[in-house]
Amino acid sequence: MHHRPDPLTFAALTIAVVSISSSAPMIAYAAAPALALAVWRNLLAAGVLAPVAVVRRGPELRALVRGDRRREGGYSLLAGAALAVHFGAWMPSAKLTSVATATALVCTQPVWQGLIATRQGKRLPRTTWVGIGMAVAGAALATGADIAVSGKAILGDLLALVGAVAAAVYTALGERARTGLSTTTYTLVCYTMCAVGLLAVCLIGQVRLVGFDSATWLVVLGLVIGPQLLGHSMLNYALHRISATTVSILVLLEVPGSALIAWAWLDQIPPLPSLPGLSLLVAGVAVVVLGGARTRALPPPQ
């Protein structure tokens, strides 16, 4: 049973929405490869969590290797790999297409989560299918509008969708891992696995990881403190006081929030032809969430 929302909960939600909304604009601004940003934000976040996990969850961490939590540990590693695909696809998309479009398309995760649920034998309510249809139509309209912009924008749209699918897989795997693991342990394993996977890709692809200017390193720090740690911590705090469905709907405020930050900071305005599609997409995702297809797990940090 959830408590009546209080001023602290509203403050936490406000901080959360602003934090996650700042992710795509910061990525677009940074003078560094998107994959390098993805490596550093996960590596530094894991570095922050590691001491806490070792002190508070030492026995649980050991059980992942030599105890009765190896199954959950395996799911956590697979979830971390899916998270690496999510970041590896979505973060470059924020540099290739508009911030608003990249954010809206990656927010289709609940749609893909619903489709994964059908593969698991679950029946979706009719309302959910209506929402999926709206979201797909909106995504098609928004992507179609980008055809007139550039091939680079289309690639960005496709990468954002790949990021959304990977986020849904991450959530599905995380649901299994979390049956026997604490949030701290699970998150540490995921972030570490994600960072290692992305680092390997960067080394193989010879992606530059150092030598950036101070402004870019400040962006990296902002990504770690804001979307990666603070944003989703505040959402988890709010989950103890309001329903998961309400939090999921509020997360969709990231789409207009990112667009406003990109407009004020980067002077970036989404193409007008894409706005009807983006609006329909967000409305469709909201219908999917309200239809009950969404799991209680939150989306990965963005």
Side-chain angles (χ1 to χ4, degrees), residues 20 38 42 45-46 49-50 52-54 56-90 106-125 128 132 161-198 200 227-229 231-233 235-240 243-248 251 285 288-289 291-302:
I20 62 177
N42 282 278
L49 290 172
V52 178
V54 169
R56 298 182 58 185
R57 301 292 179 180
E60 189 176 54
L61 287 171
R62 290 190 290 273
L64 295 176
V65 181
R66 298 189 300 271
D68 58 353
R69 291 287 181 260
R70 284 177 290 182
R71 182 180 178 85
E72 289 88 346
Y75 280 125
S76 298
L77 290 174
L78 289 174
L83 187 61
V85 175
H86 164 73
F87 280 125
W90 179 70
V106 83
C107 281
T108 59
Q109 180 213 334
V111 170
W112 305 106
Q113 197 72 49
L115 294 176
I116 288 174
T118 64
R119 295 287 295 176
Q120 296 173 334
K122 300 176 184 177
R123 296 189 63 180
L124 302 182
T128 299
I132 289 174
L161 286 172
V162 171
V165 175
V169 174
Y170 161 84
T171 303
L173 291 167
E175 186 177 16
R176 297 194 176 191
R178 286 297 311 281
T179 56
L181 293 181
S182 66
T183 300
T184 302
T185 297
Y186 168 69
T187 304
L188 174 62
V189 174
C190 280
Y191 286 178
T192 302
M193 179 64 184
C194 179
V196 169
L198 290 170
Q228 194 85 358
L229 295 175
H232 288 264
S233 296
L235 290 176
N236 286 328
Y237 171 83
L239 268 177
H240 293 292
S243 72
T245 300
T246 301
V247 171
S248 298
V251 166
V285 173
V288 170
V289 174
R294 187 76 182 267
T295 66
R296 289 186 65 83
L298 290 172
Q302 294 169 16

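Predicted model only: the values in this text are computed from it and were never measured. All heavy atoms count here, side chains included; hydrogens, waters and symmetry mates do not.
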Partner residues of A195 under the side-chain contact (heavy atoms from CB on, under 4.5 Å) criterion, sequence neighbours left out
N42, L43
Tightest non-hydrogen contact, residues L188 and T192, listed as O-OG1, 2.7 Å
Under the rule for side chain to side chain donor-acceptor pair (under 3.5 Å), what residues qualify as partners of E60, not counting sequence neighbours?
S182, T185
Hey, are the side chains of V169 and W112 touching, using non-hydrogen atoms and a 4.5 Å cut-off?
no
Qualifying residues under side-chain contact (heavy atoms from CB on, under 4.5 Å), relative to S76, sequence neighbours excluded
A177, L181, Y186, V189
Enter the distance from L173:CG to E72:CD here, rounded to the nearest 0.5 Å.
13.0 Å
Among T171, V251, V285, T128, which residue meets the side-chain contact (heavy atoms from CB on, under 4.5 Å) test with P110?
V285
For S248 against V289, the heavy-atom pair lying closest together:
CB-CG1, 3.5 Å
Just how far is it from atom CD of Q228 to atom CD1 of I20, taken to the nearest 0.5 Å?
12.5 Å
Do V106 and H86 have side-chain heavy atoms sitting under 4.5 Å apart?
yes
Let me confirm one number: the CG-CG distance from L77 to L83, rounded to the nearest 0.5 Å.
12.5 Å
Please report the shortest heavy-atom distance between T108 and A164, naming the atom on each side.
OG1-CB, 3.3 Å
Kindly write out the residues that satisfy side chain to side chain donor-acceptor pair (under 3.5 Å) with R69, not counting sequence neighbours, or none if the list is empty.
none
Which heavy atom of A38 sits nearest to which heavy atom of L198, and what is that distance?
CB-CD1, 3.6 Å
If the condition is side-chain contact (heavy atoms from CB on, under 4.5 Å), which residues does V85 pass it with, not counting sequence neighbours?
V162, A166
Not counting sequence neighbours, which residues clear side-chain contact (heavy atoms from CB on, under 4.5 Å) with S233? List them please.
none
Of the non-hydrogen atoms in T184 and R57, which two are nearest, and what is the gap between them?
CB-CG, 4.4 Å
Sequence neighbours excluded, the answer for side chain to side chain donor-acceptor pair (under 3.5 Å) partners of R176 is Y75
Who are the side chain to side chain donor-acceptor pair (under 3.5 Å) partners of T118, not counting sequence neighbours?
none
If you take all heavy atoms of Y170 and C190, which pair is closest and at what distance?
CE1-SG, 4.0 Å
